[in-house]
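Data block below; observations after.
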There are 2 protein chains.
Amino acid sequence: MDQLEIFKALSNKTRLQILHWLKEPERYFPPQEHEDINEVGVCVGQIQQKAGLNQSTISEYLSILQKAGLLKSTRIGQWTYYKRNKEAFLALSQFITEEI
Amino acid sequence: MDQLEIFKALSNKTRLQILHWLKEPERYFPPQEHEDINEVGVCVGQIQQKAGLNQSTISEYLSILQKAGLLKSTRIGQWTYYKRNKEAFLALSQFITEEI
DNA sequence: TTGGAATATCGGAAAAAGTCGATATATCTT
DNA sequence: AAGATATATCGACTTTTTCCGATATTCCAA
């Protein structure tokens, strides 16, 4: 866990918003056409639409969040689904109370 | 609590290091000449020395951490002492597990 | 096997952050 | 009151981040 990388990933309004949405995907997104939203997460296009930024920007943001370990991704057909990585948030929470 | 501001404050190696030191000030700093280290914290000069960056840089970094609410400061005579604000870390930890 | 849809990558312009040296301010000492 | 010490602020330059449009890649469907 690279904490600095994680905090950089969290230092952006849109990325924080995305994480908030992905904490409760059913609440913020329509059911995914082909997959179970709770199983694989939400596809890039839906997140992009909701965020209202350029497609390339959102694709990169999701990649930043994933590289930091905060999201997990699954490619199914032409879609990439992103979902929250619970363990990372627990570890980060612990880091904050115990190390800094 | 402005979470974005907090995460930006945490997105810097030196600032993270400072917070780590201030979590256990007795362990990382000599006793303060004039004050109780556990009461008021550590003065800017000591932190600057340990961090090895310019005085103005450290002064600004401490100000950033304080504006984000992560540190509290006390001016006593010509010294400004900074100490960890425990409540802020607890609240942040909770935000991370509950909101994102 | 070609066209279309979803996503990823690249290159760049603008904005923000990092870091310094110089200088200002506040306070202590004499 | 003057010099010394600790900290804060300012201006400048460099590096990083933001966000876009254009293009590439991957995969599906006809």
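Computed from a predicted model, the values in this text were never measured in an experiment.
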Task: Transitive ILVMFWY side-chain link B/Leu92 to B/Ile18, under 4.5 Å - done: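 The answer is yes; both residues are in one hydrophobic cluster.
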
- [ ] Report yes or no: do B/Leu90 and B/Leu19 belong to one cluster of Ile/Leu/Val/Met/Phe/Trp/Tyr joined by side chain heavy-atom distances under 4.5 Å?
- [x]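 No; tracing contacts between hydrophobic side chains, which count when under 4.5 Å, never links both residues.
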
Task: Under 4.0 Å protein heavy-atom contact, by nucleotide of nucleotides 14-20 of chain D - B base, S sugar-phosphate only - done: ---SSBB

When the distance from [atom1] of [X] to [atom2] of [N] is rounded to whole Å, what number comes out?
| X | N | atom1 | atom2 | answer |
| --- | --- | --- | --- | --- |
| A/Leu4 | C/dG18 | CG | C1' | 13 Å |
| A/Gln49 | C/dT7 | CD | P | 11 Å |
| B/Gln32 | D/dT5 | CD | C1' | 16 Å |
| A/Leu62 | C/dA8 | CG | P | 7 Å |

- [ ] Mind checking A/Tyr81 for me? I need base, sugar-phosphate or nothing, with any heavy atom below 4.0 Å counting as a touch.
- [x]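 Counting heavy atoms under 4.0 Å across all strands, no contact is made by A/Tyr81.
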
Open item on the list: For A/Trp21 and A/Phe29, take the angle between the two ring planes, folded into 0 to 90°, and tell me which bin it lands in: parallel under 30, tilted 30 to 60, perpendicular over 60.
Closed with: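 Correct class here is perpendicular.
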
Sequence neighbours excluded and cut-off under 3.5 Å, please list the side-chain donor-acceptor pairs for residues 38-52 of chain A, or say none.
from	atom 1	to	atom 2	distance (Å)
A/Asn38	ND2	A/Glu26	OE2	3.3
A/Gln48	NE2	A/Leu53	O	2.9
A/Lys50	NZ	A/Tyr28	O	3.4

Listing, residues 55-65 of chain B side-chain donor-acceptor contacts under 3.5 Å, not counting sequence neighbours, or none:
from	atom 1	to	atom 2	distance (Å)
B/Ser56	OG	B/Asn54	OD1	3.0
B/Tyr61	OH	B/Asn12	ND2	3.3
B/Ser63	OG	B/Lys67	NZ	3.2

Open item on the list: Using C1' atoms of five pairs at each end, report the bend of the helix from C/dT1-D/dA30 to C/dT30-D/dA1 rounded to 10 degrees.
Closed with: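 That helix has its two terminal axes inclined by roughly 20°.
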
Open item on the list: Looking at every heavy atom in both B/Leu22 and B/Tyr82, which two are closest together, and how far apart are they?
Closed with: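 Shortest heavy-atom separation between B/Leu22 and B/Tyr82 comes out as CD2-O, 3.9 Å.
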
Enumerate the protein-to-nucleotides 24-26 of chain D contacts in which both atoms are nitrogen or oxygen and the separation is below 3.5 Å.
none

Open item on the list: Under the rule for salt bridge (charged side-chain N to carboxylate O under 4.0 Å, His left out), what residues qualify as partners of B/Glu24, not counting sequence neighbours?
Closed with: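 Residues passing salt bridge (charged side-chain N to carboxylate O under 4.0 Å, His left out) with B/Glu24: B/Arg27.
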
Open item on the list: Looking at B/Tyr82, I'd like to know whether one of its side-chain N or O atoms comes within less than 4.0 Å of OP1 or OP2 on D/dA6.
Closed with: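 False: B/Tyr82 side-chain N/O out of range (4.0 Å or more) of D/dA6 OP1/OP2.
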
Task: Distance below 4.0 Å between A/Thr80 side-chain N/O and C/dA8 OP1 or OP2 - done: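 Yes, A/Thr80 has a side-chain N/O under 4.0 Å of OP1/OP2 on C/dA8.
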
